[in-house]
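Values in this document were obtained by computation on a predicted structure and should not be read as measured data.
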Amino acid sequence: MAPITSSLFAISVFAPLGGFLIAGLLGRVLGDNFAKFIAILGMLIAVVFSWCVLGNMLHSGISSTIVPLFDWIHAGSFNVSWYLRMDMLSVSMLTMVTSVSLLVHIYSIGYMSHETMPTYRFFAYLSLFTFSMLMLITSDNLIELFFGWEAVGLSSYLLIGYWYTRPSAVAAAIKAFVVNRIADLFFLIGICVLFILSGSVFYDDIFHKIPELANTQYHLFGYAFQAYEFIALLLFIGAMGKSAQLFLHVWLPDAMEGPTPVSALIHAATMVTAGIFLMARMSPLVEFAPHVKMFIVIMGATTAFFAGTVALAQPDIKKSIAYSTCSQLGYMFVAVGVGAYQVAMFHLTTHAFFKALLFLGAGSVIHALHDEQNMFKMGGLSKKLPATCLLMWIGCLALGGIFPFAGYWSKDAILEAAWMSGSTVGYYAWIMTAITAFLTAFYSWRILFLVFHGKPRDQKIYDHAHESSFVMTLPMCVLATGATIGGFTLAPYYIGKYQLAFWNDSIFNAPTNHIMTLMHHTPYLIAKAPLALGILGIIVAFICYIAAPRIPVIMASGLKGIYQFLLNAWYFDKLYDFIFVRPYIALSKILWKVGDQEIVEGMPVAVARITDRSAKGISWIQNGSFAFYAFTMAIGLVVVLATFLIYH
C-alpha cells in the first residue's frame with residue numbers, strides 16, 4: 001500500500017504543475033477554454049489523489065514517508081536531493097489546499113467570463129500558485145521549503161498584478177513582492193544559521209540534533225544569543241511577512257487589486273497560511289524557544305486586535321474581509337505561541353473554508369454590480385442575490401464563531417488555549433482576542449447589513465444586479481458545507497480524543513507542554529465568553545445598521561479623529577511612506593542625477609570633449625609645410641641632446 005500511496009501523493013503534488021505548463025504553453029494557441037479545461041483537470045486529479053492519500057494514511061497508520069524524486073544541488077560537500085515528505089501535517093494541508101483551489105478554479109470560469117483580456121494566463125497562474133504552495137508544504141528540507149516559499153511570492157506577484165494595465169494593480173503587486181522580500185531575508189538568514197549549527201537542512205537531521213544544541217549559543221555583534229531563540233526569531237519574522245502580521249501586514253489589503261478569485265486563494269488556502277505551516281513544521285525547534293513564543297503570542301494577539309479595529313471602518317467589501325484575514329491569522333499565531341500548534345492548524349483549516357466562501361461571496365456581489373466594491377453604494381441585495389446572501393450569512397456565522405459553525409470550534413479553542421496557558425502573555429492574548437471576537441462579529445454583520453439588507457443606496461446599481469451563475473454558486477455551496485460542518489467534524493481529529501493518532505508525531509509538543517490537555521478544562525464562563533461577545537457584536541451591528549442607521553454617521557462625525565485613524569489603518573502606510581519610501585526616492589534621485597547622469601554618463605562625455613578640444617588645440621601644427629615639420633624636428637632633436645648632455 002505504501003508505494004501506491006507515495007505515487008498518488010507525488011501525482012497530486014505535480015498535477016497542478018502539469019496544468020500550469022500545458023495551459024500556459026498551449027493556451028495562447030488552443031484558446032481560453034482549453035486552458036480552463038486543462039487547469040481544472042490538473043486540479044481535479046490533485047484533489048482526488050490527495051483525498052485517497054489521506055484515506056490510506058488514516059487507514060494504515062503511516063506516520064511519515066519520504067518520497068525520493070531526483071538529485072538537486074551538489075556544491076562541494078553540500079548535497080540536497082528533492083524529496084517529498086508525506087506525513088499527516090503535509091497531507092492534511094495538501095487536501096485542504098487542493099480542494100479550495102479546485103473550487104476557486106471552477107468559480108473563476110464564471111467570474112472571468114466577461115474579461116476582455118485572454119484568460120489562459122490567469123488559469124495557468126492559478127495552477128502555478130497552487131503548485132508552489134504544494135511544494136512548500138510537502139518539502140522535506142528547508143531549501144525545498146524556501147523554493148516553494150519564493151515561488152508562492154512570485155505567483156502572488158503575477159496574480160495580484162494580473163490586470164497589468166492598471167497602475168494600482170502593478171503597484172500592489174510590487175508592494176507585496178518587496179515587503180515579503182524583507183521578511184524573507186530574515187528567513188534565509190535563519191536557514192543559514194540553522195545549517196551552520198546543525199550541519200543539515202533536512203528536517204529529520206535538524207530535529208535529531210536539537211538535544212545536542214540545547215546549550216549552544218550564537219554570537220552576533222559581540223552578544224551571545226541562545227541558538228534556539230535566535231533561529232526561531234528569524235524564522236518567525238519570515239512567517240510574519242507571508243502571514244501578514246503587524247508591521248509587515250501592509251501588502252495584504254493592497255493585494256485586493258487582483259481578481260477576487262486570487263484574493264480567495266491567497267487569503268484562504270495558500271500564501272498567508274505558509275507562516276502558520278512553517279511554525280507547525282518547525283515545532284520541535286520553536287518549542288524550545290520560550291522567549292520567542294512569548295513574542296509570537298504578543299504579536300498575534302496585537303495583530304488580531306489591530307486588524308479587527310481597521311475592518312470596522314473600511315468601505316470596500318474586499319478590504320474589510322482582507323483585514324479579517326489578517327486578524328484571524330493573529331489568532332493562529334496566538335495558538336502557536338502557547339504551544340497549541342494543533343489548534344492553529346485546526347483554525348487554519350476551518351478558516352480556509354469560510355474565508356474562501358466570504359471572498360467568493362464578495363466576488364459574486366462585485367460581479368453582480370459590475371465591479372462596484374463600495375458597500376455604502378449597496379443595500380437590499382438579498383432580494384436580487386438570495387443565494388449569495390444565504391451563503392454569505394453562513395460564512396459570517398462561521399467567522400463570527402457562532403455555534404455550531406466551524407469558527408466556533410476552532411477560534412474558541414484558541415482562546416481556551418491562551419487562557420489555560422496560565423502565563424501573563426496568555427491572559428493578554430485572551431483579552432485582546434476576546435475583544436476581537438466582538439469586533440469580528442460586528443464587522444461581519446456590518447458587511448451583511450450594508451450589502452444585503454436595508455434599503456438600496458444606489459437605485460441604478462440595484463436595478464442592474466443579478467444572481468451569479470451556477471458555476472460560481474456551486475463552489476460557494478461546497479465551501480458553505482465545510483464552513484457549517486467542518487468544525488465539529490474535524491475537532492475530534494485535530495484537537496480532540498483522536499488527535500494523537502491523527503497527527504501521528506508530525507507535530508511536536510514538549511513533554512512539559514500539556515496545553516492540549518489543559519485547554520479542555522477551561523472554566524465554563526471563560527470558554528463561553530467568546531460566543532457571548534460574538535452574539536453581542538451581532539446585536540450591536542443590527543442596532544447600528546438596521547434599527548438606527550444614523551448611529552454610525554453620528555459616531556464617525558463626532559469621533560472623526562478615531563474614525564480617520566481606523567479608516568487609514570492606523571496610518572502605517574503613511575508612516576512607512578514618510579520613514580522609508582520618501583527618503584529612498586530622494587536618495588535614488590541623487591544617485592540618478594549626480595551618480596548616473598553627471599558621473600557615469602558624464603565621464604565619457606567629458607573625456608570626449610577634452611579629446612576634441614585637445615585635438616583642435618594642436619591641429620594648427622598640422623599645416624602641411626615641410627619646412628615647418630623639419631624645423632620642429634630639429635628643435636626636438638636639440639631638446640633631446642641638451643637633456644642628454646645635462647644629465648651625463
Side-chain angles (χ1 to χ4, degrees), residues 63-66 77-81 83-90 93 136-146 148-149 186-220 223-240 274-297 333 335-345 417 421 423 499-500 503-517:
S63 60
S64 179
T65 301
I66 305 302
S77 61
F78 181 72
N79 299 308
V80 177
S81 296
Y83 298 135
L84 299 180
R85 187 180 186 88
M86 186 174 67
D87 60 11
M88 191 50 68
L89 179 59
S90 60
M93 284 287 292
L136 190 157
I137 62 179
T138 60
S139 61
D140 186 48
N141 61 73
L142 288 169
I143 304 300
E144 284 181 47
L145 188 145
F146 192 72
W149 194 271
F186 290 89
F187 183 27
L188 184 59
I189 295 172
I191 294 174
C192 294
V193 174
L194 194 53
F195 172 72
I196 291 170
L197 295 179
S198 67
S200 178
V201 293
F202 286 87
Y203 298 140
D204 287 337
D205 294 339
I206 293 171
F207 298 157
H208 289 155
K209 287 285 184 69
I210 284 178
E212 301 176 17
L213 301 174
N215 298 318
T216 304
Q217 292 185 328
Y218 187 78
H219 297 272
L220 181 67
Y223 295 93
F225 300 91
Q226 211 277 341
Y228 295 153
E229 300 279 4
F230 185 61
I231 295 170
L233 178 62
L234 292 172
L235 298 183
F236 174 61
I237 294 175
M240 286 175 63
I276 308 298
F277 173 81
L278 173 64
M279 294 291 101
R281 175 60 77 198
M282 299 304 294
S283 55
L285 173 67
V286 177
E287 273 290 80
F288 296 100
H291 295 94
V292 174
K293 289 174 68 177
M294 291 172 59
F295 179 66
I296 292 173
V297 172
F333 276 112
V336 168
V338 298
Y341 309 96
Q342 296 89 336
V343 179
M345 294 303 300
S421 68
S423 63
Q499 60 173 297
L500 292 177
W503 292 113
N504 208 351
D505 296 327
S506 60
I507 293 178
F508 176 77
N509 296 108
T512 56
N513 181 1
H514 305 293
I515 192 65
M516 295 306 299
T517 301

Closest non-hydrogen atom pair between Ile276 and Met345, with its separation: CG2-SD, 4.4 Å
Nearest 0.5 angstrom please: Leu233 CG to Phe230 CZ, how far? 7.5 Å
As an exercise, state the distance from CG of Asp87 to OG1 of Thr138, rounded to the nearest 0.5 Å. 10.5 Å
Starting at CZ of Phe508, measure out to CG of Leu285 and round the result to the nearest 0.5 Å. 10.5 Å
Give the minimum heavy-atom separation between Asn513 and Glu287, together with the two atoms involved. ND2-OE2, 3.0 Å
Asp505, CG atom: more than 12 neighbouring heavy atoms under 6.0 Å: no
Atom CD in Gln217, atom CG in Leu197: separation rounded to 0.5 Å? 11.5 Å
Specify the closest pair of heavy atoms between Ala239 and Gly275, including all atoms of both residues, with the distance to one decimal. CB-CA, 3.6 Å
So Val286 and Val292, do their side chains get closer than 4.5 Å, heavy atoms only? no
Shortest non-hydrogen contact from Leu142 toward Tyr203: CD2-CE2, 3.9 Å
Verify side chain to side chain contact (heavy atoms under 4.5 Å, CB included) between Val297 and Val338, making sure each step is shown before the conclusion. CA-CA 7 Å; Val297 172; Val338 298; 3.9 Å; yes
Phe202 vs Tyr83 aromatic rings, parallel, tilted or perpendicular, using cut-offs 30° and 60°? tilted
Begin with the C-alpha distance, continue with both residues' side-chain angles, and end with the deciding distance and a verdict on side chain to side chain contact (heavy atoms under 4.5 Å, CB included) for Trp149 and Leu278. CA-CA 10 Å; Trp149 194 271; Leu278 173 64; 3.8 Å; yes
Would you check, one step at a time, whether the test side chain to side chain contact (heavy atoms under 4.5 Å, CB included) holds for Phe187 with Leu234? CA-CA 6 Å; Phe187 183 27; Leu234 292 172; over 6 Å; no
Are Ser200 and Asp205 linked by a side-chain donor-acceptor pair shorter than 3.5 Å? yes
So which atom in Glu229 and which in Pro290 form the shortest heavy-atom distance, rounded to 0.1 Å? OE2-CD, 3.1 Å
Heavy atoms of other groups near Phe195 CZ, more than 12 under 6.0 Å: yes
Determine the minimum heavy-atom distance between Phe207 and Arg281, stating which atoms define it. CZ-O, 3.2 Å
Taking side chain as C-beta onward, heavy atoms only, is Met279 less than 4.5 Å from Ile296? yes
Quick one: do Leu194 and Met282 satisfy side chain to side chain contact (heavy atoms under 4.5 Å, CB included)? Show the steps, please. CA-CA 12 Å; Leu194 194 53; Met282 299 304 294; 4.0 Å; yes
Reported CG-to-OG distance for the pair Asp140 and Ser64, which is rounded to 0.5 angstrom: 7.5 Å
Ser198 versus His208: any side-chain heavy-atom pair under 4.5 Å? no
Parallel, tilted or perpendicular: which one describes the rings of Phe236 and Phe333, with boundaries at 30° and 60°? perpendicular
In Å, rounded to the nearest 0.5 Å, how long is the span from CE of Met93 to OG of Ser506? 12.0 Å
Any non-hydrogen side-chain atom of Asn509 less than 4.5 Å from a side-chain atom of Ser283? no
Within the structure provided, determine whether Ile66 and Met86 are in side-chain contact (heavy-atom separation under 4.5 Å). no
